[in-house]
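First up is the structure itself, then whatever we jot down about it.
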2 protein chains.
Amino acid sequence: MEYMQQPTPVLRRPLHEEAADRIRDLIVQGQLAPGTRLNERLLTAQFGLSRTPLREAFKVLATEGLVELLPNRGAIVSQIDAERLAQTLAVMGALEALAGEFACLNATEAQLNEIRALHYEMLAHHARGDLAGYFKFNQAIHLKIVKYSGNAVLHTTYRQMNGYVRRARYMANLSRERWDAAIGEHNEILAALGARDAKRIKALLSDHLAHKLASVLAELGRPQAKQVA
Amino acid sequence: MEYMQQPTPVLRRPLHEEAADRIRDLIVQGQLAPGTRLNERLLTAQFGLSRTPLREAFKVLATEGLVELLPNRGAIVSQIDAERLAQTLAVMGALEALAGEFACLNATEAQLNEIRALHYEMLAHHARGDLAGYFKFNQAIHLKIVKYSGNAVLHTTYRQMNGYVRRARYMANLSRERWDAAIGEHNEILAALGARDAKRIKALLSDHLAHKLASVLAELGRPQAKQVA
DNA sequence: TTTTTGTATTCTGCATGCAAAATGGAATAC
DNA sequence: GTATTCCATTTTGCATGCAGAATACAAAAA
């Protein structure tokens with residue numbers, strides 16, 4: 001026979017990937033707080049695998065910046081450093097502005113409608129004063145814009161940085177003014193997307209993320225001297 | 001006694017880091033061509049370590065995108081995909097434009113002088129028609145600008161992408177016109193840096209990288225349909 | 001009490017072992 | 001000649017073993 005059997009969809013994923021995904025989720029969701037030690041014995045027992053793939057997962061997560069490897073003292077969940085947070089948000093701003101441009105050019109109408117749906121969900125949560133719900137849909141919108149840019153490198157990079165930033169939970173005391181302003185900005189962003197106005201969306205997203213950064217910096221009390229963010 | 005002995009500078013680095021660094025260099029320098037299989041037995045023999053840290057290094061390099069892990073078939077040097085290359089260059093453009101702004105604000109005069117020195121070295125190689133020498137100093141200048149932005153996240157991200165891109169060696173047949181134009185752009189960039197003109201350097205770097213991208217796309221024959229780069 | 005020292009235990013970093021999968025031919029069938 | 005089957009060898013993925021570093025903690029000293 002000369003036909004090929006397609007390589008079995010996903011019979012089994014490598015254990016180190018499985019482990020990395022599970023730990024990553026625990027970290028990003030906040031179940032594993034910054035500074036928490038990642039005890040190998042406990043985690044191998046919890047995940048039902050051996051130390052080898054677990055330790056491989058540690059290395060992957062360290063490369064992503066979610067975990068810190070201390071020589072001879074194992075791995076801890078990386079601390080949320082105010083300066084690094086600010087720097088990351090600055091970079092995310094540039095990335096998302098670029099993503100917005102591409103999304104204007106490449107996104108299908110169906111994809112824009114997905115974003116519109118999320119937008120109205122978000123408005124609903126804002127109207128109710130539900131910050132957590134707002135936050136969730138807000139995140140989803142930003143991620144969709146980046147995804148529909150069609151640039152996979154951009155998407156991967158952005159998501160990784162978002163994983164670091166999400167842990168900060170700085171939104172907890174978002175002021176009402178800033179919240180309302182953000183909603184206004186989102187309305188404009190949606191309009192620009194619908195109009196496929198790349199220049200405008202770039203400017204809007206750039207400003208939107210700059211405001212977000214400013215509000216985070218205010219929250220943190222501007223601990224850094226230089227303006228690298 | 002209550003004094004602390006400082007934690008020994010670097011008595012020994014973890015083996016997986018050592019291995020990752022060595023393999024990364026081999027890949028970025030082009031000694032290990034895209035598609036090359038990374039045989040564990042050979043590499044452990046060559047590096048004088050066991051499979052465990054070597055395989056950890058593979059996972060790190062896979063996370064960085066330099067290596068691809070094929071289930072049950074080990075690791076290969078990742079292929080240079082034209083689309084991914086274009087997407088990466090687009091992202092690097094946005095990153096470097098941002099870096100330029102920060103560098104204008106943060107770089108010391110001494111740091112600018114370093115960049116000036118590299119610039120003149122580059123001009124010398126251009127004058128001699130030495131493409132390899134030009135390429136080397138051109139790279140160095142761009143990396144310095146990103147470094148002196150003072151944004152470590154930006155720097156790390158940019159360097160990682162640069163590692164992927166460098167392997168393409170697309171500069172091999174840079175046209176004389178484009179080369180001369182690039183030199184002109186670099187002169188302007190240097191002037192804007194010296195003048196600490198953030199707005200201008202952002203525009204200049206954005207254009208400069210867009211031109212670079214265009215020249216690479218021309219080289220590759222524009223294989224992608226959508227404009228995601 | 002507070003600090004220091006000694007020691008048992010735990011944990012990490014790396015090497016090695018083992019089963020399953022993949023690879024490379026040689027022999028066979030078409 | 002080309003394609004298929006079989007088997008030996010290699011290679012991978014993961015588990016386990018072992019030495020040394022780190023940690024915890026009790027006893028001794030200040």
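Within every chain, numbering begins at 1; the chains are lettered A, B, ... in the order of the sequence lines, protein sequences first and strands thereafter. Just so you know, these numbers use all the heavy atoms, side chains as well, and skip hydrogens, waters and symmetry mates. This one's a predicted model, so the numbers in the text were calculated from it and none came from an experiment.
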Any side-chain N or O of B/Thr52 under 4.0 Å from OP1/OP2 of C/dC14?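 Checking B/Thr52 against C/dC14: no side-chain N or O falls below 4.0 Å of OP1 or OP2.
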Taking OP1 and OP2 of D/dA22, is either one under 4.0 Å from a side-chain nitrogen or oxygen of A/Arg73?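 Answer no for this pair, as no side-chain N or O of A/Arg73 is under 4.0 Å from OP1 or OP2.
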Report which part of the nucleic acid A/Leu70 touches: base, sugar-phosphate, or nothing (heavy-atom distance under 4.0 Å, all strands).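 Sugar-phosphate contact only.
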Does the side chain of A/Arg159 come within less than 4.5 Å of A/Lys147's, by heavy atoms?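 Counting from C-beta outward, A/Lys147 and A/Arg159 never come under 4.5 Å.
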Do B/Val146 and B/Leu95 touch side chain to side chain, with heavy atoms closer than 4.5 Å?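 They are not in contact (no side-chain heavy atoms under 4.5 Å apart), so the answer is no.
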[X] side chain, from C-beta outward: closest of [options]:
| X | options | value |
| --- | --- | --- |
| A/Asn39 | D/dC14, C/dA15, C/dC11 | C/dC11 |
| A/Arg37 | D/dC14, C/dT12, C/dT16 | C/dT12 |
| B/Asn72 | C/dC11, C/dA21, C/dT12 | C/dA21 |

How close do B/Phe102 and B/Ser149 get, counting heavy atoms only, and between which atoms?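 Where B/Phe102 meets B/Ser149 most closely, the heavy atoms are CB-O, 3.4 Å.
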Can you tell me how far [atom2] of [N] sits from [atom1] of [X], to the nearest Å?
| X | N | atom1 | atom2 | value |
| --- | --- | --- | --- | --- |
| B/Leu54 | D/dT11 | CG | P | 13 Å |
| A/Glu56 | C/dC14 | CD | P | 13 Å |
| B/Glu40 | D/dT11 | CD | C1' | 7 Å |
| B/Lys59 | C/dC14 | NZ | C1' | 15 Å |
| A/Leu69 | C/dC11 | CG | P | 18 Å |
| B/Arg51 | D/dT11 | CZ | C1' | 7 Å |
| B/Leu15 | D/dG20 | CG | P | 15 Å |
| A/Arg13 | D/dC14 | CZ | P | 11 Å |

With nearest nucleotides of DNA chain D determined for A/Gly48 and B/Ala75 from heavy-atom distances, which residue corresponds to the more 5′ nucleotide?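 The residue whose closest nucleotide sits nearer the 5' end is B/Ala75.
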Rounded to the nearest 0.5 Å, what separates atom NZ in B/Lys136 from atom CD1 in B/Ile141?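 Here the interatomic distance stands at 12.0 Å.
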Donor-acceptor pair between A/Asp25 and A/Gln31 side chains, under 3.5 angstrom: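 There is no such pair between these side chains.
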